[in-house]
Amino acid sequence: MIASLSGPVAALAPDSAVVEVGGIGIAVQCTPNTLSGLRMGQQTKLATSLVVREDSLTLYGFAEDDERQTFELLQTASGVGPRLAQAMLAVHSPDALRRAVATADEKSLTAVPGIGKKGAQKLLLELKDRLGEPIGAPAVGAPVSQGWRDQLHAALIGLGYATREADEAVTAVTPQAEAAEGTPQVGQLLKAALQTLNRAR
């Protein structure tokens with residue numbers, strides 16, 4: 001099993017990256033949060049999880065080992081495949097998922113595309129004893145961080161957009177960021193920003 005990749009970033013796309021390892025470009029499926037930390041030509045190290053199917057081998061990459069472990073644990077629940085597990089991590093951090101399961105927070109799970117109310121209830125039951133307790137302190141009442149602007153802007157530049165386009169996209173998603181409870185999720189904002197840029201082209 002491929003547990004990690006280390007090398008320069010050779011290409012970036014909205015949902016994947018190519019990391020060059022020993023002269024071979026390896027495609028890795030990543031969440032927007034992971035992609036936001038990658039830069040073309042710069043060295044990176046990603047924790048990875050290889051998903052083997054009859055007709056495909058897909059490598060999923062994560063900025064932290066905690067994300068990879070959570071990704072694999074989520075798939076132990078019935079009905080959760082790699083795509084849904086990745087979608088869950090695109091919307092919530094591992095700790096936010098642990099907190100949601102620990103507090104039986106259906107609403108947090110239904111915020112993930114592809115999870116309805118019944119699916120959320122089933123996941124809460126199945127994952128209750130698997131994900132463990134939250135590690136960090138809850139973000140309730142935390143001031144809205146302005147750092148998301150810099151992170152989002154850098155992620156868009158890293159994906160090859162011009163500074164002007166990145167500025168406009170950040171402005172376009174600012175109302176969504178300010179409406180979010182607590183610290184805005186850069187991954188969700190990146191998705192929204194890419195949609196506005198695609199419409200503008």
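Start at 1 with the first residue, then count along the sequence.
The shortest side-chain heavy-atom distance between L89 and P94 falls under the 4.5 Å cut-off. By the 4.5 Å heavy-atom criterion applied to side chains, L124 and E106 are counted as neighbours. Using a 4.5 Å heavy-atom threshold, the side chains of K117 and Q121 count as touching. Put simply, the side chain of L97 reaches to within 4.5 Å of the side chain of H92, judged on heavy atoms.
L123 CG to M88 CE: the interatomic distance, rounded to the nearest 0.5 Å, is 5.0 Å. Considering SG of C30 and CG of L35, their distance stands at 5.0 Å, rounded to 0.5 Å. The CG atom of D95 sits 11.5 Å away from atom CD of E67, with the distance rounded to the nearest 0.5 Å.
Following chains of ILVMFWY side-chain contacts shorter than 4.5 Å, one can reach V52 starting from I26, so the two form part of one hydrophobic cluster. Under the 4.5 Å side-chain heavy-atom criterion for Ile, Leu, Val, Met, Phe, Trp and Tyr, V21 and V9 are members of the same hydrophobic cluster. I2 and F62 fall into different hydrophobic clusters, defined by Ile, Leu, Val, Met, Phe, Trp and Tyr side-chain heavy atoms under 4.5 Å apart, directly or through other members. Hydrophobic clustering (side-chain heavy atoms under 4.5 Å, transitive across Ile, Leu, Val, Met, Phe, Trp, Tyr) keeps L189 apart from V91. Following chains of ILVMFWY side-chain contacts shorter than 4.5 Å, one can reach Y161 starting from L12, so the two form part of one hydrophobic cluster.
The ring-ring contact (aromatic ring centres under 6.0 Å, His included) contacts involving residues 14-39 comprise nothing, where partners must be two or more places apart or lie in separate chains. Listed by first and then second residue, the salt bridge (charged side-chain N to carboxylate O under 4.0 Å, His left out) pairs that reach into residues 47-63 come to none, sequence neighbours excluded.
Across A77 and L127, no two heavy atoms sit closer than the pair CB-CD2, 4.0 Å. Among all heavy-atom pairs drawn from P113 and L84, the shortest one is O-CD1, 3.8 Å. Taking both residues in full, the closest heavy atoms of T31 and A90 are given as CG2-N, 4.0 Å, listed atom of the first, atom of the second, then distance. What you find for M40 and A10 is that their closest heavy atoms are CE-O, 3.3 Å. Nearest heavy atoms, L194 versus P14: CD1-CB, 3.7 Å. Of all the heavy atoms in S6 and V19, the pair that sits closest is C-CG1, 4.3 Å.
Checking side-chain atoms of T76 against main-chain N and O of L73 turns up a donor-acceptor pair under 3.5 Å. Under the 3.5 Å distance criterion, the side-chain polar atoms of T48 are matched with a main-chain donor or acceptor of S4.
Counted within 6.0 Å of CZ on R83, heavy atoms from surrounding residues, nucleotides or ligands total 12 or fewer; the atom is thus considered open.
No side-chain donor-acceptor contact under 3.5 Å links Q86 and Q29. Remark: the T174 side chain and the T171 side chain contain no N/O donor-acceptor pair separated by less than 3.5 Å. Between E126 and S78, the side chains place a donor N or O and an acceptor N or O closer than 3.5 Å (distance only, hydrogens not considered).
Classification of E64 and R68 as a salt-bridged pair fails, no side-chain N sitting under 4.0 Å from a carboxylate O. Using a 4.0 Å cut-off between charged nitrogen and carboxylate oxygen, D66 and R98 count as a salt-bridge pair.
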*Step by step, would you call L5 with K45 a side-chain contact (heavy atoms from CB on, under 4.5 Å)?*
CA-CA 6 Å; L5 288 181; K45 183 170 184 182; over 6 Å; no

*asked:* Would V28 and Y60 count as a side-chain contact (heavy atoms from CB on, under 4.5 Å) here? Give the steps.
replied: CA-CA 5 Å; V28 194; Y60 291 83; 5.6 Å; no

*Please test L46 against L38 for side-chain contact (heavy atoms from CB on, under 4.5 Å), starting from the C-alpha separation and ending with a verdict.*
CA-CA 10 Å; L46 297 174; L38 303 181; 4.2 Å; yes

*asked:* Set out, in order, the CA-CA distance, both residues' side-chain angles and the distance that settles side-chain contact (heavy atoms from CB on, under 4.5 Å) for T70 and L74, then state yes or no.
replied: CA-CA 6 Å; T70 304; L74 290 171; 4.2 Å; yes

